[in-house]
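Only one structure is covered here, and it is reproduced in the block below.
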Number of protein chains: 2
Amino acid sequence: MSGGVVRVAVDIVIFTLREGVLQVLLIRRGVPPFKGKWAFPGGFVEEAESLDAAALRELEEETGVSDVYLEQLYSFGDPKRDPRGRVLSISYFALLSSERELRSGTDAVDARWFPAYDAPRLAFDHRKILDYALVRLRYKLEWTTVGFELLPKKFTLTELQRVFEAVLGRKLDKRNFRRKILKLEILRALDERQRVGVQRPARLYKFSATEFEKLRGRGMIFPF
Amino acid sequence: MSGGVVRVAVDIVIFTLREGVLQVLLIRRGVPPFKGKWAFPGGFVEEAESLDAAALRELEEETGVSDVYLEQLYSFGDPKRDPRGRVLSISYFALLSSERELRSGTDAVDARWFPAYDAPRLAFDHRKILDYALVRLRYKLEWTTVGFELLPKKFTLTELQRVFEAVLGRKLDKRNFRRKILKLEILRALDERQRVGVQRPARLYKFSATEFEKLRGRGMIFPF
DNA sequence: CCAAAAGTGTTGGTTTTACACCCATGG
DNA sequence: CCATGGGTGTAAAACCAACACTTTTGG
């Protein structure tokens, strides 16, 4: 029994959709190293705390949100990634539905949303983490149901399409998109409508978890 | 700056194909905890060593093989997963081509291949790691080109089909399988043949990386 | 000539893509 | 009656699943 002793941090890539743009939450570092640079929210894992619990705790501490979609992304362990010494980063990615607000205590100067595809220079190796998170998000959007996590409980089909377009970075055909989504039978059409502008109100839908379970059974949803 | 101090280990799920069966390498633990139980090869990450380097080193130390397909799988950090104290496990999975032999020094009593879908009881939380590795392997087999890593440089289409069948756990149609693989245009047909039994010799193929690169460009191969 | 695995096409159903117009609403 | 986004169908191409016989070889 041997082995070097290491400190372990979690870093969380939090995505949301604002004004039809995929955005990521960054925090400006107030202390060295990389003081003044933008970085992902995160922090050290505590004694007797699981990795998932640490990620949830940091998320809650830094943004005030809980009960969000969260999954482990990758572990970065280059011995030189942190100039302070050996720090392992277990990265997570989280999806925040577009109607949710950060805790108002979160100082606007220190925490800001940036377009995920046009982020500033990042501290540490966080650029690599972001790239990896984007790959993962694009992939999961197409093959799983995580896309709904970026929307409120009730949403229109056009809003859902905007999520796909913002993440994938390309326009989709409205008719084909609707046919494909509806054929999955994972949405429940509501009687309610929503007026967005001056035009015809759009029907609202909600994600139907029971239908989703059937899909999992058919092996159509990938578990990671 | 704070944070609990943790020891970090890598654990490696090594798959290969023997006699048409997907197998996984296990090592019998000679010391507590879980003395006598089977576990994945692995060990502690050293000072100034990256996670990937640690995984490669352990692989080489415990099996004598190097230059294999290796990718990070997931990090397990339940604080109670190791009775000795806080040990993080960064799990990896590796694919060994079927013709490669372990170092003969590897004692047959202490290191053995087991059918991956019928493994014995495992130490620590290694059962969870194995399940996760199998999910990942099945998925990557269908969507990437990792399948070739389980075969020698030159192989017949039937051998390739056996890899798919062993990993996916179901029979595939020979004609459909061949059409699908050949349509990808990632194989180069060789002039050589290989006689396996008494019957008609089978044509040999090799994986063609240049064609593979074209596929990546078309977005048909997922990068993880 | 027998046994064994290699090799090879067709058809029907499903899925995907490309594409354009009418509808409901408020002002 | 205009502007705006909501909502809808069809046809061609590509893809997928099911299915059986002939070929080559050594003994």
Note to self: Under a plain distance cut-off of 3.5 Å, with no hydrogens placed, do B/S91 and B/D11 share a side-chain donor-acceptor pair?
What the structure shows: no
Note to self: If you assign A/K183 and A/R195 each to the DNA chain C nucleotide with the nearest heavy atom, which residue ends up on the more 5' nucleotide?
What the structure shows: A/K183
Next item on the list: Inspect the contact between B/R138 and B/E142 and indicate whether a charged nitrogen and a carboxylate oxygen are less than 4.0 angstrom apart.
Entry: no
Item checked: Atom pair distance, as rounded to whole Å: CD in B/Q194 and P in D/dT24 -> 19 Å
Next item on the list: Indicate, with a heavy-atom threshold strictly under 4.0 Å, whether A/R179 touches base, sugar-phosphate, or nothing.
Entry: base
Notebook entry, point to check: Going 5' to 3' on DNA chain C, which nucleotide is the first and which the last to come under 4.0 Å of a heavy atom in chain A?
Noted result: C/dT17 to C/dG26
Item checked: Nucleotide D/dC19, atom P - distance to CG of B/L172 in whole Å -> 15 Å
Notebook entry, point to check: Touch check for B/K180, heavy atoms < 4.0 angstrom, all strands: base, sugar-phosphate only, or nothing?
Noted result: nothing
Next item on the list: State which of D/dA17, D/dA20, D/dG9 makes the closest approach to the side chain of B/R175.
Entry: D/dA20
Margin query: Check whether B/F114 forms a cation-pi arrangement with B/R112 (NZ or CZ under 6.0 Å from the six-membered ring centre, at most 45° off the ring normal).
Written below: yes
Next item on the list: Grab the CG-C1' distance between B/D173 and D/dC21 for me, whole Å please.
Entry: 13 Å
Notebook entry, point to check: Taking for each residue the nucleotide of DNA chain C bearing the nearest heavy atom, is the 5' side occupied by B/R203 or by B/V198?
Noted result: B/V198
Checklist line | Between A/F15 and A/Y92, ring centroids under 6.0 Å | finding: no
Check: Mapping B/Q199 and A/Q199 to their closest nucleotides on DNA chain D, which lands nearer the 5' end?
Finding: A/Q199
Notebook entry, point to check: Rounding to a whole Å, what distance do you find between A/F177:CZ and D/dT8:P?
Noted result: 14 Å
Margin query: Measure CZ/B/R200 against P/D/dC21 and give the value in whole Å, please.
Written below: 18 Å
Check: In residues 152-166 of chain A, which residues come under 4.0 Å of DNA chain D by heavy atom?
Finding: A/T158
Next item on the list: Over all heavy atoms of both residues, which pair between A/L187 and A/F207 is shortest? Give the atoms and the distance, please.
Entry: CD2-CA, 4.0 Å
Checklist line | Interatomic distance, B/R170 CZ vs D/dA18 P [rounded to whole Å] | finding: 10 Å
Notebook entry, point to check: OP1 or OP2 of D/dG7 sitting under 4.0 Å from any side-chain N/O of A/R178?
Noted result: yes
Item checked: Side-chain donor or acceptor of B/E58 paired with backbone N/O of B/I12 under 3.5 Å -> no
Notebook entry, point to check: Using the benzene-type ring in the case of Trp, are the ring centres of A/Y74 and B/Y74 under 6.0 Å apart?
Noted result: no
Note to self: Angle between ring planes, B/Y139 versus A/Y139, binned at 30° and 60°: parallel, tilted or perpendicular?
What the structure shows: tilted
Item checked: Among D/dT4, D/dA18, D/dG9, the one nearest B/N176 by side-chain distance -> D/dA18
Notebook entry, point to check: Which residues pass the ring pair (Phe, Tyr, Trp, His ring centres under 6.0 Å) test with B/F177, sequence neighbours left out?
Noted result: B/F164
